[in-house]
Amino acid sequence: MFSPAEYNRYNRQLILPEIGAAGQQKLKEARVLVIGAGGLGCPVLQYLVAAGVGTVGIADFDVVSESNLHRQVLFNSEDVGQLKAEVAARKLAQQNPFVQFQVHGQGITEQNALDLVQAYDLVVDGSDNFPTRYLVNDACAILQKPLVFGSIFKFEGQVTVFHYQNGPSYRCLFPEPPLPNQVPNCAETGVLGVLPGMIGTIQTNEAIKIICGMGKVLSGRLFMLNALTLETSAINFRRTAQAEITELQSDYEAFCSPPTAASEEVNELSADELKDLFDEAADLQLLDVREPNEYEQYNLQGLLIPLGILEQNLDKVEPHKTVVVHCQNGNRSRAAVQILQRHFPNTTFYNLTGGIERYPY
């Protein structure tokens with residue numbers, strides 16, 4: 001079943017009675033799909049490959065950026081601008097030559113989800129957005145594939161397993177997506193670099209347990225970790241009618257964007273257009289809706305009113321001026337513009353497209 005080189009490589013696992021040759025053979029025959037090669041995906045991929053999972057699929061359409069490097073430790077500066085899935089497969093092949101890789105550079109979409117998931121025994125979700133999470137969950141529900149889920153937020157992380165032996169699903173835990181901007185991503189709030197490593201390795205542990213048929217799988221239990229205090233906790237949840245999925249939705253982006261939010265149009269202003277306004281000495285009010293710690297690191301010398309307290313500080317807004325609202329990447333400021341437009345219906349407000357990250361001047 002194993003070559004001498006494989007025996008040497010996996011020796012410390014093989015001698016574990018809970019794994020042994022039979023468990024290692026299961027790992028060798030396993031096909032695991034990893035959604036996302038980012039913060040969570042990097043440690044998941046590295047440890048799945050090190051453990052000897054025979055076929056690993058990598059689904060990610062994104063490219064490596066410099067801001068990824070503090071937590072996505074599979075990549076380095078030379079990889080910036082390259083497709084994550086391709087870089088990951090190339091490097092992981094050097095880590096373990098006995099593993100086969102399938103690169104899905106288009107990521108997972110409504111069009112390919114069922115075919116993609118069908119080709120694997122197990123899915124590990126390392127995505128960072130709600131449309132993808134619901135899509136992956138629904139595809140796994142339809143095809144009855146175990147799904148190892150992980151998420152991170154600032155200093156906290158969560159891990160659980162869905163669809164394991166008719167267990168609960170993502171929709172049992174989160175029946176409805178949160179409102180837009182209710183749960184900011186790490187580009188807006190930041191994340192401790194080591195946290196995805198901690199959570200990703202726990203996800204991999206669950207995947208190995210499922211494949212080898214050992215231990216107690218985190219099905220129906222949500223494990224939570226606080227990296228600041230190193231406190232852990234878990235809550236139990238049950239399978240509900242929400243788990244019964246028979247077909248994919250046509251548009252998961254729309255599903256995760258309530259109609260009220262989607263219907264409110266927002267006037268956008270590009271970084272170049274803002275620079276032109278500065279050059280023209282236009283009568284501007286810059287409104288920064290980030291948090292104080294973000295403002296201290298870098299700002300455009302605008303008025304700071306965090307989004308959460310904007311409606312309590314409307315008296316500070318100067319609607320007679322050209323008001324340009326911005327945040328880190330444009331999401332919170334878009335919500336802020338919608339709020340301002342409701343309170344000042346006769347005033348035009350502008351959202352800085354892409355946020356302060358897109359303003360290089």
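- To the nearest 0.5 Å, atoms OH (Tyr298) and CD1 (Ile356) are separated by 5.0 Å.
- Remark: Glu247 CD is loosely packed, at most 12 non-hydrogen atoms of other residues, nucleotides or ligands lying under 6.0 Å away.
- Scanning for salt bridge (Lys or Arg N to Asp or Glu O under 4.0 Å) contacts around Glu268 gives Arg334, with sequence neighbours left out.
- In the hydrophobic clustering of ILVMFWY residues, with side-chain heavy atoms under 4.5 Å counting as a link, Val124 and Ile108 come out apart.
- Between the side chains of Glu110 and Gln249, not a single donor N or O lies within less than 3.5 Å of an accepting N or O.
- Under the 4.5 Å side-chain heavy-atom criterion for ILVMFWY residues, a single connected hydrophobic cluster contains both Phe162 and Met224.
- Contact detail for Val317 and Pro319: the closest heavy-atom pair is O-CD, 3.1 Å.
- Leu222 and Ile199 fall into different hydrophobic clusters, where Ile, Leu, Val, Met, Phe, Trp and Tyr are joined by side-chain heavy atoms under 4.5 Å apart, directly or via other members.
- Proximity of Ile211 to Val53: side-chain heavy atoms (C-beta onward) are separated by under 4.5 Å at one or more points.
- Not one N or O on the side chain of Asn68 forms a donor-acceptor pair closer than 3.5 Å with the backbone of Asn76.
- A donor and an acceptor atom, one from each side chain of Asp125 and Ser127, are located under 3.5 Å apart.
- Heavy atoms of other residues, nucleotides or ligands lying less than 6.0 angstrom from CD of Glu318 number more than 12.
- Closest approach of Leu143 and Leu114 over heavy atoms only: CD1-O, 3.4 Å.
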Please determine whether side-chain hydrogen bond (donor to acceptor under 3.5 Å, both in side chains) holds for the pair Asn351 and Ser333, giving the CA-CA distance in whole Å, both sets of side-chain angles, and the decisive distance to 0.1 Å.
CA-CA 6 Å; Asn351 178 46; Ser333 54; 2.3 Å; yes

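- A pairwise comparison of heavy atoms in Ala51 and Gln24 identifies O-NE2, 3.0 Å as the closest pair.
- Listed here is the closest heavy atom pair of Phe153 and Leu195: N-CD2, 4.2 Å.
- Of the candidates Val87, Val99, Leu48, Leu74, Leu74 is the only one forming a side-chain contact (heavy atoms from CB on, under 4.5 Å) with Leu92.
- The number of heavy atoms from other shown groups lying within 6.0 Å of CD (Gln301) does not exceed 12.
- Other residues, nucleotides and ligands place more than 12 heavy atoms under 6.0 Å from the NZ atom of Lys91.
- Atom CZ of Phe223 sits about 7.5 Å away from atom CG of Leu218, to the nearest 0.5 Å.
- Using a 4.5 Å heavy-atom threshold, the side chains of Pro292 and Pro306 count as touching.
- Counting all heavy atoms, side chain and backbone alike, Pro168 lies closest to Ser219 at CD-OG, 3.9 Å.
- Contacts classified as ring-ring contact (aromatic ring centres under 6.0 Å, His included) and involving residues 2-31 (residues at least two apart or in different chains) are given here: Phe2-Tyr7.
- With rounding to the nearest 0.5 Å, the separation of NE2 in His343 from CD in Gln338 is 12.0 Å.
- In terms of hydrophobic clustering, with Ile, Leu, Val, Met, Phe, Trp and Tyr side chains grouped at heavy-atom distances under 4.5 Å, Leu147 and Val117 are assigned to a common cluster.
- Checking Phe174, Tyr252, Tyr170 one by one against Tyr134, the ring pair (Phe, Tyr, Trp, His ring centres under 6.0 Å) holds for a single residue, Tyr170.
- Note that Arg290 lies outside the cation-pi zone of Tyr295, set by a 6.0 Å cut-off to the ring centre and a 45° limit from the axis.
- Residues Gln13 and Cys212 form no side-chain contact, since every pair of their non-hydrogen atoms from C-beta on lies 4.5 Å or further apart.
- Closest non-hydrogen pair, Gly220 versus Thr160, comes out as N-OG1, 4.5 Å.
- In Gln82, the CD atom is crowded: over 12 heavy atoms of neighbouring residues, nucleotides or ligands sit closer than 6.0 Å.
- Between Arg31 and Asp121, none of the side-chain N atoms (NZ, or NE/NH1/NH2) sits under 4.0 Å from a carboxylate O, so this pair counts as no salt bridge.
- A donor-acceptor contact under 3.5 angstrom links the side chains of Gln25 and Glu29, judged on distance only.
- Glu86 places no side-chain N or O within 3.5 Å of a backbone atom of Leu83 that could act as its donor or acceptor partner.
- For the atom pair CD (Gln100) and NZ (Lys28), the distance works out to 10.5 Å, reported to the nearest 0.5 Å.
- One finds no salt bridge joining Arg171 and Glu176 here, because no Lys/Arg side-chain nitrogen approaches an Asp/Glu carboxylate oxygen to under 4.0 Å.
- Residue Tyr47 places its OH atom among 12 or fewer non-hydrogen atoms of other residues, nucleotides or ligands, all under 6.0 Å distant.
- Neither side chain, His104 nor Asp60, offers a donor N or O lying under 3.5 Å from an acceptor on the other.
- For Gln144 and His163, the side-chain atoms include no donor-acceptor pair closer than 3.5 Å.
- In the hydrophobic clustering of ILVMFWY residues, with side-chain heavy atoms under 4.5 Å counting as a link, Val32 and Val159 come out together.
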